[in-house]
Amino acid sequence: MQEWLGKVVDREDLTRHDKWLCMMMPRLKLLRELLSENGVIFVSIDENEQHHLRAMMNDTFGEINHLASFAWAARGGAGGTTRQVEMLHEYIEGYALDSDIARIRPTVSKAKSGKYSDHKGTYNRELLRQWGQGDRREDRPNMYFPILSPNREEIYPARADGSDGRWRFGEERVRQLLENDDIDFVKNENGDWIVYRKIREGRESLMAAGSLLLNQGTASNGTIELKRVFGDKVFTSPKPVSLIHHLVDLVCWDDKDAIILDSFAGSGTTAHAVLRLNKEDGGNRRFILVECEDYADSITAERLRRVIKGVPSAKDEVLKNGLGGTFSYFELGKPVEIESMLDGSNLPTYRELARYVFYTATGDEFDDAVVDPKTNFIGESRNHQVYLFYEPDVEKLKNTALTLDIARALPPLKADKRRLIFAPTKYLDQHFLDEFKIDFAQLPFEIYQLVR
């Protein structure tokens with residue numbers, strides 16, 4: 001993979017699809033691990049790799065957890081003249097960690113005046129039997145039961161081919177509909193009872209979200225939006241805010257504290273959309289953006305700084321006044337690779353190793369400002385005062401150890417804390433470790449046990 005990074009992969013490369021899949025698979029597997037129980041992942045893709053992506057997502061998330069292949073109208077207007085069929089749309093593949101738990105925002109529809117009437121008013125009819133996907137008895141066994149007709153006949157849901165189907169609702173919900181006179185029984189030409197639900201005028205009903213994204217902005221809209229923030233074109237083909245806003249709202253509509261992760265942040269549209277959604281409904285949704293290109297600070301983060309504070313030159317009042325909010329910006333440190341330490345030529349600096357062991361051991365944010373190599377103190381977590389005994393010198397490391405004298409000389413311990421100490425080795429038994437409330441963590445032996 002390291003060899004492929006930064007290289008142009010054109011159509012003449014017969015391994016281009018293999019390379020793309022090899023790059024994507026470990027990322028998707030990691031992202032799956034990061035999803036919450038009711039989490040959803042969206043992946044934007046064009047037609048070149050869409051069929052490969054579906055196969056890979058099915059393998060990673062399970063075909064049963066595929067929510068939809070959204071078609072986004074990425075380009076407006078008619079087709080061009082460069083090909084026989086101009087591609088005006090792109091795809092967004094949606095998968096859930098568990099499709100039975102994921103909650104997609106439904107569309108609310110109000111019923112119009114109906115062509116049937118009863119003592120309550122007008123209504124339209126909707127089949128009470130489930131149709132389409134998931135309409136078999138085995139799909140929802142608890143929704144297969146008899147309903148008594150006006151002449152006390154038992155009616156069971158049957159599919160068009162005569163096999164067992166299922167009702168759209170459970171027994172309790174059907175009982176309520178019957179009590180409220182919201183069920184209509186009609187005999188067809190064969191004399192069989194057909195059961196309908198009465199949809200009365202003005203009644204709100206919930207419909208599944210649509211997969212066709214026609215009015216959620218285009219790639220051109222994304223470019224214009226970013227130009228309004230920076231005053232110039234600084235990024236190629238950014239996604240429009242309205243598109244990401246729609247997707248986030250689809251899955252976070254009932255969770256105003258959700259965390260949204262974008263692992264290919266680009267120009268920062270995802271965070272912009274999250275901030276706008278919070279502004280609209282008072283939510284406290286948070287975002288995590290990951291960007292490996294050199295524009296992470298100058299474009300991605302800078303965009304957020306400006307939309308949070310406000311863009312004075314913007315004509316849009318919301319953008320002009322700012323969306324509010326805040327974020328922290330971090331850069332990855334130099335990787336600490338155990339393998340590269342084996343020959344002793346690439347030992348990390350004290351602060352590099354301090355950052356690595358502190359975060360790895362505690363999971364808390366590392367504060368470089370409190371590090372004191374003279375006292376070996378590298379920070380404080382919720383449970384520990386943390387120390388690191390280390391120098392980037394193999395010969396010195398061979399003679400570095402936690403001793404009784406060192407333990408006695410450690411700074412006073414806070415009442416609710418313990419000491420977490422990293423060192424190449426120790427000359428204390430468990431009795432003294434307990435006496436000084438020390439949790440000892442031995443540094444990898446490769447760092448110091450190079451030559452004996």
Is the distance between the ring centroids of Tyr295 and Phe235 less than 6.0 Å? yes
Can you find a side-chain donor-acceptor pair between Glu225 and His272 that sits under 3.5 Å? no
May I ask you to check whether Asp434 and Gln430 show a side-chain donor-acceptor distance below 3.5 Å? yes
Would you call Arg175 and Glu172 a salt bridge, taking side-chain N to carboxylate O under 4.0 Å as the test? yes
Measuring only between side-chain heavy atoms, which start at C-beta, is Thr269 closer than 4.5 Å to Asp262? no
For His89 and Glu47, which I'm curious about, is there any donor-acceptor pair between the side chains at under 3.5 Å? no
Anything under 30° is parallel, anything over 60° is perpendicular, the rest tilted; go ahead and classify Phe436 against Phe432. parallel
Does this structure show an ion pair linking Asp316 with Arg228, if we count only N-O contacts that are shorter than 4.0 Å? no
Check ion pair Glu33-Lys29 (N to O, under 4.0 angstrom): no
I want to check something: taking the side chain as every heavy atom from C-beta on, are Pro392 and Glu352 in contact at a cut-off of under 4.5 Å? no
Salt bridge between Arg168 and Glu126, side-chain N to carboxylate O under 4.0 Å? yes
Between Lys437 and Lys417, is there a side-chain heavy-atom distance shorter than 4.5 Å? no
